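These notes are about the structure you will find just below.
Note that the numbering runs from 1 along the sequence shown for the chain. Please read all numbers here as calculations on a predicted model, not as lab measurements.
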Amino acid sequence: MNRQPVPAETLLAPHRLSDRLAELLQARIERGELRPLDRLPTEQELAERHGVSRTVVREAVSRLKSTGLLVSRQGSGVFVAPQSRAKALTFDPAVLHSLKAVVQIVEVRRALEGEVAALAAQRADDAEVQRIWSALAAIDAAVEAGGDGVEEDLHFHRTVAAATHNPQFTRLLGFLEQYQRDAMTVTRANEAMHADFMEQVRGEHREIAHAIAAHDPERARQAATTHMLRAARRIEEADASVRAALSEALVPRGDPRKESLA
């Protein structure tokens, strides 16, 4: 049976169609095909043009609104935001489906975490130091209860960021978390199978906490930087089974972007 050619802008893969449509619309804005203050086609027009449901269109548009690229006008529709509007920070999800990209996010965090820890060591009060120790205890409790400790690990780093008294650090680290959860779930499982890995991570966290409690910025900076360096190394040196699990977590089955990490 002869198949009809697929329109160039039809979205082929079924996974996360809203993300893919959002990427396509963002690319059109960045290329200047959709200019500031241009009105976006209607939901129905976009759905027909790209071969998706109106729900997918609605989700894609909502995502671009959240990043500041699109704005709504009551009764008039959706428009490309004015150039003067500040753009929200965002990463292209298309580049985050690989082991290399996960390591790159860890590198970004390394550049931040050292300074965050140093500032926390300078500024943390007694109550904030206690919250940092409590966050560490929560990781141990989660693991002992059979959990992976991922959310508790992320909370520990947010607690350190909060002790800087600079809310922008907390927001920025919170933003980066969304790109690490899946990978952390897999690597935490890997660490659980290797007692030395688990103890290494635990020791790195405790060294950060001790340095902050001692109000030693240089020690805290070094401890946090070392932690992120070793985190990247643990990902890069994972064995074949863990790399395969990372591949499954990062790129769904059947996705054309899937790469072999084994």
Side-chain angles (χ1 to χ4, degrees), residues 66 88-91 96 102-192 194-235 249:
S66 71
L89 177 62
T90 183
F91 290 163
L96 294 170
V102 172
V103 172
Q104 288 171 344
I105 296 297
V106 174
E107 289 177 349
V108 171
R109 279 192 61 191
R110 186 179 77 213
L112 290 169
E113 294 277 6
E115 294 309 308
V116 166
L119 286 172
Q122 291 175 8
R123 300 171 180 174
D125 58 29
D126 290 345
E128 287 164 333
V129 169
Q130 184 55 51
R131 281 194 285 273
I132 290 171
W133 285 116
S134 296
L136 271 188
I139 299 175
D140 290 343
V143 172
E144 289 172 8
D148 57 24
V150 169
E151 290 303 323
E152 291 78 10
D153 190 323
L154 293 169
H155 177 68
F156 165 72
H157 288 280
R158 286 198 303 272
T159 304
V160 172
T164 67
H165 300 181
N166 182 339
Q168 308 311 323
F169 282 124
T170 307
R171 294 188 182 105
L172 187 51
L173 290 179
F175 168 79
L176 292 175
E177 287 177 7
Q178 65 186 303
Y179 300 111
Q180 290 191 279
R181 276 189 172 83
D182 287 344
M184 282 183 69
T185 298
V186 174
T187 54
R188 271 264 167 191
N190 178 46
E191 291 159 4
H194 299 80
D196 56 333
F197 279 8
M198 286 291 287
E199 193 55 37
Q200 186 181 80
V201 173
R202 190 168 184 268
E204 290 164 15
H205 282 158
R206 291 183 68 81
E207 175 59 16
I208 294 170
H210 276 300
I212 293 171
H215 300 290
D216 187 335
E218 287 306 317
R219 179 182 170 190
R221 179 183 290 109
Q222 183 60 48
T225 300
T226 298
H227 174 50
M228 300 314 299
L229 280 167
R230 290 178 177 171
R233 189 176 305 141
R234 283 188 287 269
I235 295 171

So do the side chains of L176 and L112 get within less than 4.5 Å of each other, counting heavy atoms only? yes
Over 12 non-hydrogen atoms of neighbours within 6.0 angstrom of CG in D126: no
Gap separating the CZ atom of R221 from the CD1 atom of I208, nearest 0.5 angstrom: 13.0 Å
Roughly how far, to the nearest 0.5 Å, is CD of E204 from CD of E199? 10.5 Å
Rounded to the nearest 0.5 angstrom, the NE2-CZ distance for H155 and R131 is 9.0 Å
Between CD1 on residue I139 and CD on residue E151, distance to nearest 0.5 Å: 11.5 Å
Beyond-backbone contact of V143 with M198, side-chain heavy atoms, under 4.5 angstrom: yes
Partners passing salt bridge (Lys or Arg N to Asp or Glu O under 4.0 Å) against R123 (at least two apart in sequence or in another chain): none
With heavy-atom distances below 4.5 Å as the criterion, would you say the side chains of R206 and H210 are in contact? yes
Are H205 and W133, when compared by the centres of their aromatic rings, separated by less than 6.0 Å? no
About how many Å separate CD of Q130 and CG of D125, when rounded to the nearest 0.5 Å? 11.0 Å
Note, R233 side chain near R230 side chain (heavy atom, < 4.5 Å): yes
Heavy-atom pair of closest approach, residues L229 and R110: CD2-NH1, 3.1 Å
If you compare all heavy atoms of Q122 against all heavy atoms of P217, which two are closest, and at what distance to 0.1 Å? CG-CG, 3.4 Å
Any donor-acceptor pair under 3.5 Å from T226 side chain to A223 backbone: no
Nearest non-hydrogen partners of R219 and A211, listed with the distance: CG-CB, 3.6 Å
Going through the checks in order, is the side chain to side chain donor-acceptor pair (under 3.5 Å) test met by H165 and E128? CA-CA 10 Å; H165 300 181; E128 287 164 333; 2.9 Å; yes
For E113 and L173, work out which heavy atoms get closest and say how close. OE2-CD2, 3.9 Å
Do you know which two heavy atoms are closest between V160 and A117, and how far apart they sit? CG1-CA, 4.1 Å
Non-hydrogen atoms of I132 and I212 that approach each other most closely: CD1-CG2, 3.9 Å
